[in-house]
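A short write-up of the structure that comes next.
Residue numbering restarts at 1 for every chain, and letters A, B, ... go by the order of the sequence lines.
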Amino acid sequence: MTANTAALLIQHYVDNFRRLPWRAAPGEPAPEPYRVWLSEVMLQQTTVATVRPRFERFVERWPTIEALAAARHEDVLSEWAGLGYYARARNLIACARAVAERGGFPSTSVELRQLPGIGAYTAAAIAAIAFGERAPAVDTNVQRVIARLHRLRHAPREIIEPLLLDMLPAARPGDLIQAMMDLGATICRPRSPSCQECPLRSECAAFASGAPAQFPAPKVKRVRPHRHAAAYWTEWNGQVWLVRRPAKGLLGGMAALPTSEMTETPPRNLNSIGVVRHVFTHFSLDLHIIVASETVGDGWWQPVAGIDEAGLPTLFRRAAELVMSASERRAA
DNA sequence: GACCCGTGGGA
DNA sequence: TTCCCAAGGGT
């Protein structure tokens with residue numbers, strides 16, 4: 001069953017090939033490890049539509065691992081601004097410097113796994129796609145597709161990996177993995193999969209069950225608390241005071257407006273000019289924007305006209321937009 | 001294993 | 001509007 005399933009999947013991949021900036025078509029030489037690595041890190045929990053333009057800008061600015069390794073920390077974080085999960089950017093720099101130091105990427109999943117920001121999935125994906133190793137790269141797409149093929153409600157990686165390994169061909173195993181991720185993204189979707197279009201329909205136990213979307217079982221969701229904080233906008237001579245956040249934690253290492261401590265209840269007696277409501281992974285935040293006359297903490301003056309170059313994460317970019325639209329209204 | 005860590009888009 | 005969730009990794 002598995003050999004036939006793999007053949008059907010590869011055929012569908014070839015017939016419906018989507019060209020992406022980091023991908024080689026079947027038959028073409030494997031893409032450079034640098035591009036595979038960078039795209040895989042960017043794609044962690046992030047959609048292809050979001051990543052594509054950001055990937056292009058990134059490789060244009062830093063075409064090689066050596067160039068990236070030599071880049072300034074702040075420049076890389078600034079280029080990453082808006083992509084989220086900023087620990088990825090911090091680990092990206094550490095990884096680039098380690099790889100440049102050793103003279104290139106290691107070629108096995110075991111060695112790749114040792115590098116910062118490269119976990120089990122990413123190590124296997126790079127090894128399979130860039131180096132042709134039969135490494136079972138299990139992401140949520142692969143997990144879902146295989147869980148459905150085998151009608152598994154519970155599908156931990158220890159179960160999925162050997163099932164995927166059985167399907168991986170010796171030649172270009174990366175194509176099979178990318179084929180399965182494409183299938184998961186376009187046909188074997190989490191909700192309302194379009195089984196009538198699926199080349200694996202006749203091989204799929206979940207389809208045969210009549211309720212394919214029930215496999216695997218949905219993740220349990222947790223309640224998301226709501227919090228409040230204040231952010232301070234201090235403007236002088238056409239410039240605004242920015243700070244760099246602590247290296248770890250929320251928005252770690254990123255440029256930002258100075259902020260108060262977070263609280264569970266709204267701040268009282270605050271003369272805020274507006275509120276930015278923002279949703280993070282594990283809590284939502286009301287950021288109350290306060291125009292202040294004195295600077296807070298260590299930082300620098302950023303020209304307001306050049307605020308886009310500051311590399312603000314989305315929360316603070318929205319705060320800046322709020323202030324500027326408010327001042328435009330006052331001027332009008 | 002639990003928790004932390006962003007953001008944007010689709011249904 | 002609300003909810004889901006996307007090529008996960010670190011601690």
Would one find a side-chain N or O of [X] under 4.0 angstrom from OP1 or OP2 of [N]?
| X | N | answer |
| --- | --- | --- |
| A:R224 | C:dC5 | no |
| A:H282 | B:dC4 | no |
| A:Q45 | C:dA6 | no |
| A:T50 | B:dG9 | no |
| A:T47 | B:dG8 | no |

Sticking with atom [atom1], work out how far [N] lies from [M], rounded to a whole angstrom.
| N | M | atom1 | result |
| --- | --- | --- | --- |
| B:dA11 | C:dA7 | P | 15 Å |
| B:dG8 | C:dT1 | C1' | 16 Å |
| C:dC5 | B:dC5 | C1' | 15 Å |
| C:dC3 | B:dG6 | P | 22 Å |

- Supply the atom-to-atom distance A:D166 CG to A:R134 CZ, rounded to the nearest 0.5 angstrom.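 Rounded to the nearest 0.5 Å, the CG-CZ separation comes to 8.0 Å.
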- Query: Does a side-chain N-to-carboxylate-O contact under 4.0 Å join A:E56 and A:R52?
  - Reply: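 Not counted as a salt bridge, because no side-chain N and carboxylate O are separated by less than 4.0 Å.
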Quick one: does [X]'s side chain have a donor or acceptor within less than 3.5 Å of a partner on [Y]'s backbone?
| X | Y | answer |
| --- | --- | --- |
| A:R72 | A:D75 | no |
| A:R113 | A:A123 | no |
| A:R102 | A:G104 | yes |

- Is a donor-acceptor pair below 3.5 Å formed from side chain A:T281 to base B:dG6, judging by atom type as modelled? yes
- Task: Indicate, yes or no, whether a donor-acceptor pair under 3.5 Å links the base of B:dG6 to the side chain of A:T46.
- Result: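 Yes, the side chain and the base share a sub-3.5 Å donor-acceptor pair.
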Rounded to whole angstrom units, what separation is found between the [atom1] atom of [X] and the [atom2] atom of [N]?
| X | N | atom1 | atom2 | result |
| --- | --- | --- | --- | --- |
| A:L38 | C:dA7 | CG | C1' | 13 Å |
| A:L183 | C:dA7 | CG | P | 12 Å |
| A:H278 | B:dC5 | NE2 | P | 13 Å |
| A:Q178 | C:dA7 | CD | C1' | 9 Å |
| A:F316 | B:dG6 | CZ | P | 11 Å |
| A:L20 | C:dA7 | CG | C1' | 11 Å |
| A:F280 | C:dA6 | CZ | P | 21 Å |
| A:Q44 | C:dA7 | CD | P | 12 Å |

- Task: Identify, residue by residue, the members of residues 79-92 of chain A with a heavy atom below 4.0 Å from DNA chain B, and return them in order of residue number, or none.
- Result: A:G82, A:L83, A:G84, A:Y85, A:Y86
- Kindly give the heavy-atom pair with the smallest separation between A:Y34 and A:V59, and that separation in Å.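 Looking at all heavy atoms of both residues, the closest pair is CE2-CG1, 4.3 Å.
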Pick base, sugar-phosphate or nothing for [X], based on heavy-atom distances below 4.0 Å to the nucleic acid.
| X | answer |
| --- | --- |
| A:S39 | nothing |
| A:P218 | nothing |
| A:T314 | sugar-phosphate |
| A:R317 | sugar-phosphate |
| A:W22 | base |
| A:R144 | sugar-phosphate |
| A:V279 | base |

- Message: With a 6.0 Å cut-off on the ring centroids, do A:H278 and A:F280 count as close?
- Response: yes
Picking from [options], which would you name as closest to the side chain of [X]?
| X | options | result |
| --- | --- | --- |
| A:L251 | C:dA6, C:dC3, B:dG6 | B:dG6 |
| A:K221 | B:dG6, B:dT7, C:dC4 | C:dC4 |
| A:M181 | C:dA7, C:dG10, C:dC4 | C:dA7 |

- Anything under 30° is parallel, anything over 60° is perpendicular, the rest tilted; go ahead and classify A:W236 against A:W301.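 Judged by the thresholds at 30° and 60°, the geometry between A:W236 and A:W301 is tilted.
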- Return the 5'-most residue of the pair A:E40, A:L115 with respect to DNA chain C, ranking by each residue's nearest nucleotide.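 Per heavy-atom nearest nucleotide, the more 5' residue is A:E40.
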- Item | Residue met sooner reading DNA chain B from 5', once A:S192 and A:L315 are mapped to nucleotides | A:L315
- Message: For A:A49 and A:R222, find the nucleotide of DNA chain B closest to each by heavy atoms; which residue's nucleotide sits nearer the 5' end?
- Response: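 Counting from the 5' end, the first nearest nucleotide belongs to A:R222.
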- Message: Counting C-beta onward and ignoring hydrogens, is there a side-chain heavy-atom pair between A:Y86 and A:P313 closer than 4.5 Å?
- Response: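 Side chain of A:Y86 against side chain of A:P313, heavy atoms only: contact under 4.5 Å found.
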- Can you check whether A:R88 reaches A:T46 side chain to side chain, under 4.5 Å on heavy atoms? yes
